[in-house]
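Just below is one structure, and these are the notes that go with it.
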Protein chains: 4
Amino acid sequence: MVDTGGVAADQLRAFIERVERLEEEKKVIADDIKDVYAEAKGNGFDVKVMRKIVSMRKRKPHEREEEEAVMDLYLHALGMAGPSGDPE
Amino acid sequence: MVDTGGVAADQLRAFIERVERLEEEKKVIADDIKDVYAEAKGNGFDVKVMRKIVSMRKRKPHEREEEEAVMDLYLHALGMAGPSGDPE
Amino acid sequence: MVDTGGVAADQLRAFIERVERLEEEKKVIADDIKDVYAEAKGNGFDVKVMRKIVSMRKRKPHEREEEEAVMDLYLHALGMAGPSGDPE
Amino acid sequence: MVDTGGVAADQLRAFIERVERLEEEKKVIADDIKDVYAEAKGNGFDVKVMRKIVSMRKRKPHEREEEEAVMDLYLHALGMAGPSGDPE
DNA sequence: CCAGTATTTATTCCGC
DNA sequence: GCGGAATAAATACTGG
């Protein structure tokens with residue numbers, strides 16, 4: 001499966017480097033985010049509050065989706081209403 | 001700080017063993033949980049739905065706490081109403 | 001909701017509550033573990049290393065060896081140092 | 001709400017939106033990384049080991065050595081095998 | 001038995 | 001530097 005001496009080594013190296021390149025990009029963005037917070041702080045805003053707002057806004061749509069998913073599950077589960085058979 | 005030959009080795013061993021003992025107990029409980037789900041499944045219930053319910057119920061009080069925490073933060077942050085000074 | 005549904009609902013509730021009770025217990029143990037690590041830290045031990053040791057001891061020796069073999073293979077493929085010497 | 005508060009609100013909104021935009025970008029990159037690992041896996045590589053290699057390369061060699069030194073210290077304290085031979 | 005998903009664990013980061 | 005939140009990684013479970 002993996003031939004250390006052959007082409008697989010090149011493949012492995014390529015994968016690793018692609019990952020590393022992407023992680024670098026990700027780090028740049030993370031730094032940008034920090035810069036935005038720093039700028040906001042410089043304008044008198046409370047960074048902790050801002051982070052809370054961002055994370056709450058992130059969770060909200062997620063929760064809605066989850067509730068809908070649970071509703072779907074319930075609807076599906078109605079075929080198993082009780083151990084002694086289904087209601088209809 | 002850590003003397004491998006002295007009493008610290010015993011201390012280290014004691015800590016490690018306490019952790020391992022506790023992890024064992026935790027595993028027993030985890031297995032018990034699995035058993036409950038298995039029993040429920042044997043009674044015709046949909047395990048996936050049950051897990052969803054449990055995790056949602058777990059999150060609910062958490063969310064309330066978080067909302068209150070955000071409110072506290074806001075109240076505290078009111079002293080910094082704008083970048084050009086406070087309103088009064 | 002029909003009668004069987006009502007019975008099923010009670011049963012479901014009971015299962016859910018058993019799970020929740022067990023999860024609480026599990027959480028208590030998890031907290032105890034954290035406490036032990038905190039105490040160890042207070043005594044000058046390196047918690048990160050302790051965690052690594054605990055997880056090492058948990059693993060089957062065979063798995064560990066196998067994973068290390070793959071690791072060596074990959075490191076060699078990448079021209080990074082292995083047991084037989086480093087490239088520099 | 002006074003004028004400065006309104007201005008502050010707009011500013012705050014702008015900061016929040018900038019952060020959210022950047023976090024979206026970050027998420028895209030994170031997904032790309034997952035894709036690369038998935039592709040590597042499809043080519044027969046061991047993803048777990050790949051991740052370990054990536055994180056090894058990220059770390060400063062000095063830190064790594066230091067941590068390994070502590071690890072050896074602890075393993076010896078516990079009577080577990082180190083570089084100078086195993087107890088069995 | 002593999003793939004995807006959900007939970008749990010480990011690590012990192014940030015503000016205090 | 002610590003303690004706690006956020007992120008990343010690893011693991012476990014379920015369904016196909």
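Just so it is clear, the model here is predicted, and its values are computed rather than measured. Every heavy atom of this structure was used, including side-chain atoms; hydrogens, water molecules and symmetry mates were not. A note on names: the letters A, B, ... follow the listed sequences, proteins ahead of strands, and every chain is numbered from 1.
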Rounded distance (Å) that lies between atom C1' of E:dA10 and atom CZ of C:Arg59: 13 Å
Can you tell me how far P of F:dT7 sits from CD of D:Glu24, to the nearest Å? 14 Å
Donor-acceptor pair, side chain of B:His76 and main chain of B:Asp72, under 3.5 angstrom: no
May I ask you to check whether over 12 heavy atoms, not counting those of C:Arg13, lie within 6.0 Å of atom CZ? no
Tell me: CD1 of B:Ile29 to P of E:dT8, nearest whole Å? 13 Å
Nearest to the side chain of C:Glu23 - F:dT11, F:dA8, E:dT8? E:dT8
Within 6.0 Å of CZ in A:Arg64, more than 12 heavy atoms from elsewhere: no
Between B:Glu66 and B:Val47, which has a closest nucleotide on DNA chain F that is more 5'? B:Glu66
Which part of the nucleic acid, if any, lies within reach of A:Ser55 when heavy atoms closer than 4.0 Å are counted: base, sugar-phosphate only, or nothing? sugar-phosphate
Evaluate whether atom CZ of B:Arg21 has more than 12 neighbouring non-hydrogen atoms of other residues, nucleotides or ligands under 6.0 angstrom away. no
Does any donor atom in the side chain of D:Glu66 or D:His62 lie under 3.5 Å from an acceptor atom in the other side chain? yes
Starting at atom NZ of C:Lys27, determine the distance to atom C1' of E:dT9, rounded to an integer number of angstrom. 14 Å
Gap between atoms CG and C1', on D:Asp46 and F:dT11 respectively (whole Å): 14 Å
Minimum-distance nucleotide to A:Lys26 side chain [options: F:dG15, F:dA8, E:dT8]: F:dA8
Whole-Å distance separating the CD1 atom of D:Ile53 from the P atom of F:dA9: 14 Å
Looking at F:dC13, E:dC16, E:dT11, which one has an atom nearest to any side-chain atom of A:Lys48? E:dC16
Taking the nucleotide of DNA chain F with the nearest heavy atom to each, does B:Lys34 or C:Lys34 sit closer to the 5' end? C:Lys34
Can you tell which of F:dG15, E:dT11, F:dA8 lies closest to the side chain of C:Lys52? E:dT11
Of the listed nucleotides (E:dC14, F:dG15, F:dA8), which one gets closest to any side-chain atom of A:Arg51? E:dC14
Quick one: D:Ile33 CD1 to F:dT7 P, roughly how many Å, whole number? 14 Å
In whole angstroms, the gap separating P of E:dA6 from NE2 of A:His62 amounts to 8 Å
Considering only E:dT8, F:dG15, F:dT7, which nucleotide approaches the side chain of B:Lys58 most closely? E:dT8
